[in-house]
Amino acid sequence: MAGKEKTEVRRFRTSDDLWDRFGAAVANSPDPEADMSKVLRQFVRWYVHEVGAKQPDRPAAGPWSKPNPDA
């Protein structure tokens, strides 16, 4: 596809529970074009201070939310 940068598949380790809750949160994102890969790329770009990068929008708390066990 034109305009898409070539990317490689990366592995990401997390629990099934966290991955499933992330998927549910992304499905309820205020960004209608959000998918899990897009949200992760946005976060990584923001995290490394890429010029112009912004944190991805996230939905309000919902059934995918859990209290922080470390709080």
Side-chain angles (χ1 to χ4, degrees):
M1 285 185 192
K4 287 229 175 194
E5 64 185 72
K6 180 174 174 16
T7 59
E8 299 296 326
V9 173
R10 306 286 182 220
R11 292 183 182 193
F12 182 82
R13 289 182 181 227
T14 188
S15 68
D16 289 340
D17 175 64
L18 181 58
W19 190 250
D20 292 344
R21 291 187 296 121
F22 175 57
V26 169
N28 286 277
S29 170
D31 176 358
E33 297 178 1
D35 62 35
M36 293 167 82
S37 292
K38 179 181 178 181
V39 171
L40 287 171
R41 282 191 304 273
Q42 287 176 316
F43 178 79
V44 171
R45 287 180 176 128
W46 169 81
Y47 196 82
V48 300
H49 298 268
E50 190 171 285
V51 174
K54 295 181 179 144
Q55 274 187 295
D57 292 330
R58 67 180 185 171
W64 50 84
S65 305
K66 287 187 173 180
N68 184 346
D70 297 328

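Being a predicted model, the structure only gives us computed values, none of them experimental. Hydrogens, waters and symmetry mates play no part in the numbers below; they use all other heavy atoms, side chains included.
Clustering of Ile, Leu, Val, Met, Phe, Trp and Tyr side chains at separations under 4.5 Å places Trp19 together with Phe12, Phe22, Val26, Met36, Val39, Leu40. Listed by chain and number, the hydrophobic cluster partners of Val44 come to none, as no ILVMFWY side chain reaches under 4.5 Å of it.
Scored by the side-chain contact (heavy atoms from CB on, under 4.5 Å) test, Ala53 finds Arg45, Trp46, Glu50 as partners (sequence neighbours excluded). Under the side-chain contact (heavy atoms from CB on, under 4.5 Å) criterion, Asp57 pairs with Pro30, not counting sequence neighbours. By the salt bridge (Lys or Arg N to Asp or Glu O under 4.0 Å) test, Asp16 pairs with no residue at all, sequence neighbours left out. With sequence neighbours excluded, no residue forms a salt bridge (Lys or Arg N to Asp or Glu O under 4.0 Å) with Asp35.
For residues 21-31, the pairs satisfying side chain to side chain donor-acceptor pair (under 3.5 Å) are Asp17-Arg21, Asp31-Lys38, with sequence neighbours left out.
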